[in-house]
Amino acid sequence: MRFSKYYLPTLKEAPSSSEIKSHALSLRAGLTRKVAAGIYVYLPLGLRVLKKIEAIVREEMDKAGALELVLSVVQPSELWKRSGRWDQYGPEMFRLKDRNQRDFCLGPTHEELVTHLAYLDLKSYKDLPVNLYQIQVKFRDEIRPRYGILRAREFIMKDAYSFCRDEKELDTVYQKMHQTYKRITERLGLEYLVVEAETGLIGGSVSHEFIVLAQDGEEVIVQCGKCNYLAKQENALFKPFQGLEPEKTLDLKKVHTPGAKTIEDVAEYLNTPLEKIVKTMVLQGEDKKIYAFMLSGDRELDLERASKEAGTSLSLIEDRGLADKLNLGYFGPIAAPVDIAFFSDHSIENKKNLVVGANQKDFHYINANHCRDFNPGRWGSFTSPKKGDLCRGCGSALAFRKGIEIGHIFKLGKKYSEKLDAKFLDEDGRLKPFTMGCYGIGISRIMSAAIEQLSDRGGITWPEALAPFKVAIIVTNMGDDRLLTEADKVYQKLLDMGIEVLYDDRDLRAGVKFKDAELIGIPIRFILGKNFLARGLIEAETRDGGKEELSLEDITGFLARHQG
RNA sequence: CGGGAUGUAGCGCAGCCUGGUUAGCGCGCAGCGUUCGGGACGCUGAGGCCGGGGGUUCAAAUCCCCCCAUCCCGACCA
């Protein structure tokens with residue numbers, strides 16, 4: 001491609017709307033342009049990168065026996081009403097009406113649609129398993145499309161949906177997808193981790209996330225350097241740090257703590273460390289029942305974990321009257337109202353002589369000991385690990401790493417097939433709902449994740465597999481006919497070799513061309529300038545700082561050596 | 001949805017507090033000239049509903065009210 005004929009508007013300065021690297025660089029390097037909040041256009045150079053990502057994903061999916069199709073972006077409300085998600089989804093789903101006032105939505109995902117497809121066409125166990133995938137635009141009207149291009153509302157995703165006879169068959173397909181995803185991420189050339197993910201209240205059995213490591217990533221991964229334990233912070237298990245001295249069990253005592261409602265107040269008033277105070281979180285479930293969770297005062301309750309344990313979605317008590325009735329702020333496990341279910345986090349398990357609320361305004365107990373003074377209820381892990389916590393398995397220090405989720409695979413089970421009546425006739429002559437799995441990869445997100453992981457002061461440093469062009473030819477003086485003639489020849493030669501080359505034939509000063517090539521992140525630069533005129537040598541520079549001089553004949557060898 | 005901030009030329013910004021010439025600067029863009037190896041220089045020029053609406057005033061980019069858009073933080077706690 002000749003630069004002079006290309007649509008590649010680079011920017012010297014980053015637009016003010018771009019806060020994070022990947023966003024700023026994708027605008028500066030002429031990959032994307034913003035149309036509205038969370039909505040972007042892909043310019044020719046950006047599209048080249050997207051297509052590389054797509055090609056890798058497509059190749060590996062095809063190799064795994066999955067079948068590509070295109071599903072509609074606009075979907076009728078009917079299917080969503082049947083699955084129950086028309087109401088569940090909330091404002092994140094972009095809804096619209098057609099001219100006849102019928103309800104539609106822009107597909108935020110396509111489970112309903114493919115399941116409907118399976119209902120129409122998959123009739124027998126002999127047709128199974130089937131794994132269908134699409135690479136398409138999806139739309140989610142995010143509450144807040146933050147982090148620029150990373151969390152866009154309109155985005156390109158590869159989603160695959162598998163239909164199996166039973167759990168066993170699903171497991172085989174799932175394992176295959178797991179392997180396929182690893183291969184894809186490796187081919188992309190990005191550093192990544194695979195973690196088990198939370199399936200949430202909705203259920204589902206197994207789920208894995210593929211995380212590309214990056215400093216500004218939204219996901220926090222907990223990793224044990226010693227035994228390789230790996231999990232998302234939100235569902236990681238750990239051994240709470242035990243820095244407290246062994247001590248004698250003291251006598252329970254009720255103390256006056258006027259006005260001390262928060263943990264911090266109590267700690268200050270009693271001059272006690274936070275870790276010695278039991279934080280008792282009182283929550284209400286969707287079932288209207290009250291649940292109390294006890295944890296160390298220096299920790300925070302994870303509502304998701306608590307909800308999972310309680311078996312109902314929990315939320316803070318907002319009813320003022322109820323809050324007063326329960327003496328919130330002074331609530332505790334000793335002589336608490338009987339109809340409350342208690343849970344205790346492992347963070348208080350090995351502690352003695354704790355402070356708890358006395359269920360009476362302005363009073364707390366000190367030297368409370370579980371089992372002796374109160375029933376701890378059910379033990380569990382209701383908090384997330386933080387700095388200083390230890391690996392549950394081996395006791396080593398846990399490390400925290402940040403990353404960006406680019407892929408997510410999970411076993412869906414029969415949720416959608418049952419609701420949408422998608423059944424097949426099994427060998428035993430019975431009609432059974434499909435056992436489903438679904439496997440997503442954020443195509444457009446990979447582009448920004450790659451930039452986020454790989455860039456330097458000069459711009460993007462694409463991995464080999466994603467670079468939009470492999471070689472940039474830079475002619476330092478466009479006024480010199482001899483140089484131009486030779487550069488044209490080199491360009492033609494590279495084209496003949498099938499190398500993706502960007503020939504910077506613009507009549508600009510050399511410095512501009514150097515900066516642009518660097519910004520765009522082209523791995524190899526061939527420079528034709530005074531060295532060429534004097535000695536017939538091309539300067540070959542790599543994006544990572546390597547430099548050498550080549551004769552025309554050396555080009556082939558050089559490229560062979562720098563083949564990814 | 002709550003909080004904070006910002007909207008002035010394609011991009012980055014100043015001007016606004018304290019209302020008053022023809023609204024500026026840098027980059028970019030067009031023309032001419034000089035330059036020509038790491039984002040050159042000079043001259044000339046094009047390009048603005050000062051986010052939108054309403055109000056105050058003799059007079060509004062500037063003061064007041066409403067709306068919209070964009071960005072950031074939060075939706076985390078006894």
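Lettering of chains follows the sequences in order, A, B, ..., and the numbering in each one begins at 1. All values reported here derive from a predicted model rather than from experimental measurement.
Taking the six-membered ring for Trp and the full ring otherwise, the centers of H23(A) and Y40(A) sit less than 6.0 Å from each other.
The distance between atom CZ of R506(A) and atom P of G28(B), rounded to the nearest whole Å, is 12 Å. In this structure, K12(A) atom NZ and G38(B) atom P are separated by 14 Å, rounded to whole Å. Rounded to a whole Å, the CD atom of E518(A) is 11 Å from the P atom of G39(B). Regarding L11(A), its CG atom lies at a distance of 11 Å from the P atom of C29(B), rounded to whole Å. Straight-line distance from the NE2 atom of H23(A) to the P atom of U70(B): 12 Å, rounded to whole Å. Rounded to a whole Å, the CD atom of Q360(A) is 17 Å from the C1' atom of A78(B). If you take CZ of R509(A) and C1' of G39(B), they are 9 Å apart, rounded to a whole angstrom. Separating the CG atom of D507(A) from the C1' atom of G31(B) is a distance of 15 Å, rounded to the nearest angstrom.
Residues Y330(A) and N359(A) bring no donor and acceptor atom of their side chains to less than 3.5 Å of each other. Using modelled atom types, one finds no donor on one side chain facing an acceptor on the other under 3.5 Å when comparing T383(A) with S347(A).
Distances from the side chain of M281(A) to the nucleotides A78(B), G37(B), A40(B) place A78(B) closest. Closest to the A37(A) side chain, of the nucleotides A78(B), G37(B), C71(B), is C71(B). Nearest to the side chain of E539(A), among G39(B), G37(B), G26(B), sits G37(B). Minimum atom distance to the side chain of K547(A) is reached by G38(B), of the listed U70(B), G38(B), C36(B). Listed nucleotides: G26(B), G37(B), C36(B). Nearest to the side chain of F514(A): G37(B).
Taking atom P on both G53(B) and C13(B), the two are 25 Å apart, rounded to the nearest angstrom. Rounded to a whole angstrom, the distance from the C1' atom of C73(B) to that of U21(B) is 44 Å. Of the P atoms belonging to A23(B) and G47(B), the separation is 13 Å, rounded to the nearest Å. Comparing C11(B) with C50(B), their P atoms sit 15 Å apart, to the nearest whole Å. To the nearest whole angstrom, the two C1' atoms, one in A5(B) and one in A9(B), are 23 Å apart. Between the C1' atoms of A61(B) and G52(B), the separation comes to 14 Å (whole Å). G19(B) sits 16 Å from G15(B) when the P atoms are compared, rounded to a whole Å. Taking atom P on both C67(B) and C1(B), the two are 12 Å apart, rounded to the nearest angstrom.
Look at K530(A) and you won't find any side-chain N or O under 4.0 angstrom from OP1 or OP2 of C36(B). A sub-4.0 Å separation between OP1 or OP2 of C11(B) and a side-chain N or O of S16(A) is absent. Within the structure, a side-chain polar atom (N or O) of K279(A) is placed less than 4.0 Å from OP1 or OP2 of A78(B).
Of the nucleotides present, U44(B) is the one that pairs with A30(B) by Watson-Crick or G-U wobble criteria, both distances under 3.5 Å. Look at U6(B): its Watson-Crick or wobble partner, with both distances under 3.5 angstrom, is A69(B). Across all strands shown, C1(B) forms a Watson-Crick or G-U wobble pair with G74(B), both key distances being under 3.5 Å. Base pairing of C50(B) is not made with any nucleotide, judged by Watson-Crick or G-U wobble geometry with both donor-acceptor distances under 3.5 Å. Here U62(B) sits opposite no nucleotide as a Watson-Crick or G-U wobble pair (both hydrogen-bonding atom distances under 3.5 Å). Across all strands shown, nothing is found opposite U35(B) as a Watson-Crick or G-U wobble partner with both distances under 3.5 Å. Look at A23(B): it lacks any Watson-Crick or wobble partner with both distances under 3.5 angstrom.
E309(A) and R378(A) are joined by a salt bridge, as a carboxylate oxygen and a charged side-chain nitrogen come within less than 4.0 angstrom of each other. Salt bridge status for E219(A) with K232(A): present, with a side-chain N to carboxylate O gap under 4.0 Å.
For the pair R506(A) and F3(A), the cation-pi criterion (under 6.0 Å, within 45° of the ring axis) is fulfilled.
For N531(A) against G37(B), a side-chain-to-base donor-acceptor contact under 3.5 Å is absent.
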Annotated protein contacts, base or backbone, on nucleotides 1-8 of chain B with a non-hydrogen cut-off under 4.0 Å, one of B, S, - each: B-------

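Contact annotation: the side chain of E539(A) never approaches that of F526(A) to less than 4.5 Å [non-hydrogen atoms, C-beta and beyond].
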Side chain to side chain donor-acceptor pair (under 3.5 Å) between T10(A) and D516(A), worked out: CA-CA 7 Å; T10(A) 57; D516(A) 270 346; 3.0 Å; yes

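Across all strands, R33(A) comes closer than 4.0 Å to no nucleic acid atom at all (heavy-atom distances). Counting non-hydrogen atoms under 4.0 angstrom, L483(A) reaches nothing in the nucleic acid.
Between F469(A) and Y6(A), the two ring planes are perpendicular [angle over 60°; tilted spans 30° to 60°].
When each of F331(A) and A14(A) is assigned the nucleotide of RNA chain B bearing its nearest heavy atom, the one mapping closer to the 5' terminus is A14(A). Positionally, the nearest nucleotide of RNA chain B for T476(A) lies more toward the 5' end than for the other of I263(A) and T476(A).
For the salt bridge (Lys or Arg N to Asp or Glu O under 4.0 Å) with D488(A), the qualifying choice from R2(A), R482(A), K493(A) is R2(A), the only one to do so.
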